[in-house]
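The next block holds one structure in the form of structure tokens; read it before the comments.
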Amino acid sequence: MKPETRFVHAGMQPDPFTGAIMTPIYQTSTYVQEAPATHKGYEYARSQNPTRKALEDALAEIENGKFGLAFSSGVAATDAVIKLLAPGDEVICANDMYGGTYRLFSKVFERFGIKFVYVDTTDAGNVKSAVTPATKLIWIETPTNPLMNITDIAAVAAIAKANNILLAVDNTFASPALQNPLDLGADIVVHSATKYLGGHSDVIQGALVMNNAELREKLYFIQKSCGAVPGPMDCFLVLRGIKTLGLRMKAHCENGSKIAHWLRNHPKVGKVYWPGFEDSKGYAVAKQQMKGFGGMISFELKNDSVDEAKRVLSSTHLFSLAESLGGVESLINHPASMTHASIPREERIKNGLSDSLIRLSVGIEDADDLIEDLKNAIG
Ligand SMILES: Cc1ncc(COP(=O)(O)O)c(C=O)c1O
């Protein structure tokens, strides 16, 4: 089956009681048992829910994996992966990634004795050099939020395999329509399903997908023991979102390409970060491991001042000034004060995230209308 067909049908079985084509929203906390421990496979909704099951099957299918697990947020999915570890374990992670992931690692899990080593993962050699006998996990995000850095998943997977280390890849920016990390050797795919999977800015959710049954059991144990599960209504919304993922990603990629090129030619715009430029550092790897370059773009203004960036950020009408990304509507964001405010300024600047950087989540509106909006705002 081609991906577009899979997105429409993944996880869907007609409802056994009514034949309903859409999996019903099983809004229940518990299930009646015939006798103690005699039941239909559903005991309590933190552990199992039929709407969540349909979604988890769909997640597995669209990421070419065997098992899917849904969580109450992307951060909760990340949290579950780190809970596989024990005090003393080390994680090698990217020095450019979503600020909330950095906050979870540095402010929560470091206190529990887990060590996080931040390296520039765009060069797999840096990952290799950082491996120690205590390394248990490599965590990468590609493309990264917000600088669109590209890491070679297959190259890092080879290092992980050779050293018996788990590799987790945050695939939120690419979505399964553009990139499938398990096919490239990753052990766990992570998603903020809040973004492209949901696609309509109406739900917070996270997802993990994996192939290894033992790993699935460990993560399922964490999911039910820690309890960060999504409600059935939210599962329904993501199931519905996935159906149009193929169509939406085509539109995001087309609009993203037009806007990235337009920005690059604008006299007041400085550096534009988008992995589809042939002269960008990650282009060759992105072209190889992705089916498209997506709709996420960051850029700097030639007048590199925070005031000028704030003026532009407050002047758009179609691009709404808001955190988040991946919805059908375009968003504009200021990483330094919004999505990445939890990263200390020094760290941010060192890794190339300037105070004036502007991030766009290009939606599926008409590209000319979006360009007109940016033209008026940039001036
Ligand atoms: C790349 C990436 N990973 C993870 C997350 C966290 O997801 P959530 O906001 O659903 O908890 C985000 C949120 O913006 C993100 O951009």
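Computed from a prediction, not measured in an experiment: that's the story for all the values here. Whatever order the structure lists them in is the order used to number ligands and atoms, beginning at 1.
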For ligand 1, what N or O to protein N or O distances fall under 3.5 Å?
from     : atom 1 : to   : atom 2 : distance (Å)
ligand 1 : 3 (N)  : D170 : OD2    : 2.6
ligand 1 : 7 (O)  : S192 : OG     : 3.0
ligand 1 : 10 (O) : G74  : N      : 2.9
ligand 1 : 10 (O) : S192 : OG     : 2.8
ligand 1 : 10 (O) : T194 : OG1    : 2.6
ligand 1 : 11 (O) : G74  : N      : 3.0
ligand 1 : 11 (O) : V75  : N      : 2.9
ligand 1 : 14 (O) : K195 : NZ     : 2.6
ligand 1 : 16 (O) : N145 : ND2    : 3.0

| query | Between D307 and R311, is there a side-chain N and carboxylate O pair less than 4.0 Å apart? | reply | no

| task | Validate the cation-pi geometry between R248 and Y196: distance from NZ or CZ to the six-membered ring centre under 6.0 Å, angle to the ring axis within 45°. | result | no

| said: Check this for me, if you would: do D57 and K66 make a salt bridge, where the nitrogen-to-carboxylate-oxygen distance has to be below 4.0 angstrom? | reply: no

| message | Return the CD1 to OG1 distance between I82 and T101, rounded to the nearest 0.5 Å. | response | 9.0 Å

| message | For R52, is there an ion pair with E56 - N to carboxylate O distance below 4.0 angstrom? | response | yes

Distance-only criterion, 3.5 Å: show the donor-acceptor pairs between side-chain atoms of residues 105-113 and protein atoms not counting sequence neighbours.
from : atom 1 : to   : atom 2 : distance (Å)
S106 : OG     : Y102 : O      : 2.8
R111 : NE     : K107 : O      : 3.2

